[in-house]
4 protein chains.
Amino acid sequence: MASNRCGNWLQMTTWGESHGPAMGVVLDGCPAGIPFSEEDLQRELVRRRPGGTLYTSPRKERDHAVILSGLWEGKTTGTPLSIMIPNEDVRPEAYAPIASLLRPGHGTYTYHQKYGHFDPRGGGRASARETVCRVAAGAFAKTLLAREGIRVLAFLSQIGPITKDWEETPLETLAPLTTPEGIFCPDAALRTQMEAHLTHIMAQGDSCGGAVRFLVEGLPPGLGDPVYEKLEANLAKALMGLPASKAFEMGSGREAASMQGSQHNDLFCALSGPVTSTNHAGGTLAGISTGMPLRGEVYFKPTSSINKPQATLALDGTSHTLTLPPGSRHDPCVAIRAVPVVEAMVAWVLADAWLCQRMARG
Amino acid sequence: MASNRCGNWLQMTTWGESHGPAMGVVLDGCPAGIPFSEEDLQRELVRRRPGGTLYTSPRKERDHAVILSGLWEGKTTGTPLSIMIPNEDVRPEAYAPIASLLRPGHGTYTYHQKYGHFDPRGGGRASARETVCRVAAGAFAKTLLAREGIRVLAFLSQIGPITKDWEETPLETLAPLTTPEGIFCPDAALRTQMEAHLTHIMAQGDSCGGAVRFLVEGLPPGLGDPVYEKLEANLAKALMGLPASKAFEMGSGREAASMQGSQHNDLFCALSGPVTSTNHAGGTLAGISTGMPLRGEVYFKPTSSINKPQATLALDGTSHTLTLPPGSRHDPCVAIRAVPVVEAMVAWVLADAWLCQRMARG
Amino acid sequence: MASNRCGNWLQMTTWGESHGPAMGVVLDGCPAGIPFSEEDLQRELVRRRPGGTLYTSPRKERDHAVILSGLWEGKTTGTPLSIMIPNEDVRPEAYAPIASLLRPGHGTYTYHQKYGHFDPRGGGRASARETVCRVAAGAFAKTLLAREGIRVLAFLSQIGPITKDWEETPLETLAPLTTPEGIFCPDAALRTQMEAHLTHIMAQGDSCGGAVRFLVEGLPPGLGDPVYEKLEANLAKALMGLPASKAFEMGSGREAASMQGSQHNDLFCALSGPVTSTNHAGGTLAGISTGMPLRGEVYFKPTSSINKPQATLALDGTSHTLTLPPGSRHDPCVAIRAVPVVEAMVAWVLADAWLCQRMARG
Amino acid sequence: MASNRCGNWLQMTTWGESHGPAMGVVLDGCPAGIPFSEEDLQRELVRRRPGGTLYTSPRKERDHAVILSGLWEGKTTGTPLSIMIPNEDVRPEAYAPIASLLRPGHGTYTYHQKYGHFDPRGGGRASARETVCRVAAGAFAKTLLAREGIRVLAFLSQIGPITKDWEETPLETLAPLTTPEGIFCPDAALRTQMEAHLTHIMAQGDSCGGAVRFLVEGLPPGLGDPVYEKLEANLAKALMGLPASKAFEMGSGREAASMQGSQHNDLFCALSGPVTSTNHAGGTLAGISTGMPLRGEVYFKPTSSINKPQATLALDGTSHTLTLPPGSRHDPCVAIRAVPVVEAMVAWVLADAWLCQRMARG
């Protein structure tokens, strides 16, 4: 089994450790003849890149990706796209002092239990640095989807306790989704509160959780596969596979449990265009897209790495106090940089489903 | 791609339509030498069976499963287990009057969009009747897990708005999880409220949502595979693939977003036994089990079929009022009968992960 | 891993033991809207059925298949087709006397080594009876291919040492491929020799090997996937997975090794229609179909079961003489009944490749 | 579907074009804790490397591989091994004059038919250069197998018509399998004849076919999975997926068709050690290893590229004479350098089967 692979037909396989020489991803199943370039990649990678804002990790990475195969004269050839992103700002020695300690909230203990041998430099394979490969893959998926008029958006919907009722906010009236600080929140007032909260949390040496909403416009009906490959099931797997994610909602989400059928049912009003008058379902029925906007949300726990001393154990069972060494670096809130990653994963699932739909009829 | 399959090594493939002759599931990847019988199946199928309680569908099904292959002298042989459950109480004619109507909240529209040809009898393949196969598969998974001392439990945590803060309730002090009414809620007082709510909703001809929590005890550390086959990601896919599910949470779930790292981090206190002093994580770190109890929750929308007239369209676009014909049958709240199905899917994911763990080390 | 499954997109999963209640196959990935019926199945199953001729096993099986799911109003719905073929002429007790003996050339020893637990009745899962499921699956594949004008043929090219140089024989001038005796050999003179050889071998209580050639007409160019899913690689796997097969050749096959490039290269003469003036390649280049007739051959060892005493061991290591009990039944030459099975497997691989080709371009 | 992937549990995914910047392979499913290094890789890559002998392509490649991930302190960690081999001696411009011509025996026509867009530089992805990745993957597989005492050998058994009856030659008495000329033939007299034949063929500007036999010692019984994942079926797929392969045989191979059961059946003589007195089966029964030496053969067509003018068509259908430009390079006989590639693919299939065997019993 390839546990480093994602997708049914369109498949990405990622590799690389946080402080190894490079990260990479191989995209297979790409149709031929699609214009694609390193510029298309870079546009997305820049959005996820650390080091650019007050509120993200100080690790400095240009995240300059190279495409090593699969293109000829600027278009895909149907053979694998191999993409490599060198790791530039690596400081493996920074982790030596804590290599033998179990880091609370991290995979140190579980990787040791599973494999008995673990690359401890910055979390190794378990580092969120792996998500750079997802964004690279997502750039290709977005390229495929854009040709069909399908647009995938994500934004910060919550940081710590700072959030609002997003259902009432028409998205098109909101501010554009790029900001110098990288806080991709379309509500300017809320963004100010989020920044204040982050400043406060960072001053304490602590971290906080957050949430990211996604929205897809232009998706045709009919995508997704019953019974075990439902669109929402694949989105859930893709997003619950992100580091630190703890909850996933589709459409009405958790609130659906408190509703009645006569409230929740979206009534059909047309056979094309907006087909239902409401969209509690969030764009799917029975695992297949309705053509209504797809929407959902993913919730992240607070960053496990904090600048506060924590009681823990060493691998040999002795008690210690863990204090992160000066060279170690982390984000105060993983949700911030997760926005382009959520977009990438949603785009990947949808591009895969869009291709698979070619198989549905004789 | 087999979209009717679930599992990485241990794979179930299900087939059958709600009002066809039978439902079935083929289990492949089963290790040889495991004692298993039709009685083991029946014990689980009875828990999901409709027709037994005030609060579930009046469809009468014995759900008598037969095992057609894969056993010799009462033990698995390593070849596929083929399990068939005949459909007995089928009334395909009951659906003829509404075969051309789009049923709100149902897959009629999306199946038509995807396939252009649809078996409309009781929802065909999209019917929750398909879950009988999941329970059959889960019975085998539970048999595998029980041999290792792993116990999978689920219970009704919410019906409509009726719920409580489950974190504070020590599970072992609660009532046993079988009741004549099939309301698998371990809190007797809450169960009474749930029943009252159901009675009220049914009297209105309406339906309501609900939620199911799962809890796994005895799981060893090390199960689950990074990066795209994380244990929580596979649980999310398995449970978000259930009919009507709208949200999935692992451990602290949605609440994690409001917390700080210093609160959320579970501190390590021992290398075996309960390894952390708290369990906000819900039993996994970085996608791999910690050995702490695994816990999560899945939320269901209200049953889409209601006994109230609803405005809708026919397949030809004309407007109609949909009134369910007398012979059609449904549950007032899908969460009730979902309890054994959630257990089955969780068990399936864990049995698969348990087998896959054999591969982790050289 | 599902080792009882075959196909990339179009997937069959088979189940059943030779002397269990039934054999079955689940077809997933079938496009919707394809007319298909039990009659389509029966037409193919009859060709493989034992008991009909002088030269095949006396086991009497009607091989009456039922389709349990996946059809509505005579057409596929995109959901799995579940096909079951009851075993009628089972005599499990016939194998009791030899259940503990290692049967030369059979899987008894290897299944015991692998699984430690084995259904010995007539070879259990290792029986050639399993191929009835392949023929059922192939009937669906042929239905798909026939809609595209693709015709898959196979015939007996060799029985024991009786064969000829088939390259020089224009297939269209040969006799039709059905005969009362089930010897699907298009050369009447050779068929007479084959029958004489079989009569001779059977009189000795012995068995003989044989070979089957396949030929596909109407295949479009472009099918098959580089690098590890080449058309010839998938054909090889499908046919080397048949019971008793020992060799596979594509086009010029083994003779290619003795040739020079200037002889073997098929020169291009047109961009469509017959594109090369010769066809040493046998219809593929670099793993992808050229549009020229596809042709290859598969060679079978002699049936392992013979009516002669053989020295062997019991499972406990003691020496014995194995004499097949009177009720046991087998074919004198597996190649005879392999003809429709080879057709089925070739059709399955091609139908899968034909569907997958929908994905090749953006 | 990932058509650039090979393996069930242990999976390699390869990428790269002949004249792109690099070739690469990602190995997933590797157990943790296995000592492995770039030296282990290099030892195998050197054996396949072109440019070293009189009888292979003059392309000069150091084939210096780097391992970019998956190792820590010299041992695997269970995360993907990413291996990259830069292309150094690339001359893409050499192919410009013939980029629009259909090369006889090559994939130009079929890739164009499939994808509509093709990297023509030296065959692009269809080049035998891709096999460098297979050898890199095989180096890891051999490392796994060697720990279990399993040894995989291959050798040149035929070049053009030059061959012998290998069955009668006890392998252990033969010369070692390395020679300065890279002709891995263990029979010195035959090797001399092969070299003379090659010299003759090269003088003509022509090419010739050949064959490679493989032999595996030390394989335990029980490996391989019925029904569609038989060991011989997976070997056939792996070897029929090599460029230019036209036939595959297992054990007695094609000769089995002419034999009788009483001759072919290998009689059991012991429960361990050499379990049968003969080995016509070639080391498997019913798709599962017997523990007897595994043996088989793969046959290759003559190299398609020859230094003789050939009539052909351009992509626009016009007639041309194809003469390979001076800068183009090829082997006179692909079988020569195929020896380490066959070893690599056999090792890969076996290492995968060896891992999968962990799953067979409860």
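Remember, it's a predicted structure, so these values are computed and weren't measured experimentally. Chain letters run A, B, ... following the sequence lines, proteins first, then strands; residues in each count from 1.
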Which one of C:A2, C:S3, C:G29 has the most heavy-atom pairs closer than 4.5 Å to chain B?
-> C:A2
Which of the residues B:A22, B:G24, B:G20, B:G78 is involved in the greatest number of heavy-atom pairs with chain C at under 4.5 angstrom?
-> B:G78
Atom of C:Q11, atom of B:R5 and distance for their closest heavy-atom approach = OE1-NH1, 2.5 Å
One should read off an interatomic distance between B:T13 OG1 and C:M12 CE, to the nearest 0.5 angstrom, of 13.5 Å
Atom pair NE2 (C:H117) and CG (B:L71), whose distance is rounded to the nearest 0.5 Å = 8.0 Å
Point-to-point distance, once rounded to the nearest 0.5 Å, from OG of B:S69 to CZ of C:R125 | 7.0 Å
Out of C:D352, C:V66, C:D119, which one racks up the most heavy-atom pairs below 4.5 Å with chain B?
-> C:D119
Within the distance-only criterion (no hydrogens, no angle test), does the side chain of C:D28 pair as donor or acceptor with the backbone N or O of B:N4 below 3.5 angstrom?
-> yes
Is there a donor-acceptor pair closer than 3.5 Å between any side-chain N or O of C:W72 and the backbone N or O of B:F118?
-> yes
Best-contacting candidate, B:G116, B:S82, B:C356, B:A32, against chain C by heavy atom pairs under 4.5 angstrom = B:S82
Taking atom OG1 of C:T79 and atom OH of B:Y115, what is their separation to the nearest 0.5 Å?
-> 7.5 Å
Please tell me if the side chains of B:M84 and C:L68 come closer than 4.5 Å, counting only heavy atoms from C-beta onward.
-> yes
Give the member of B:G70, B:P31, B:G124 that has the highest number of heavy-atom pairs under 4.5 Å with chain C.
-> B:G70
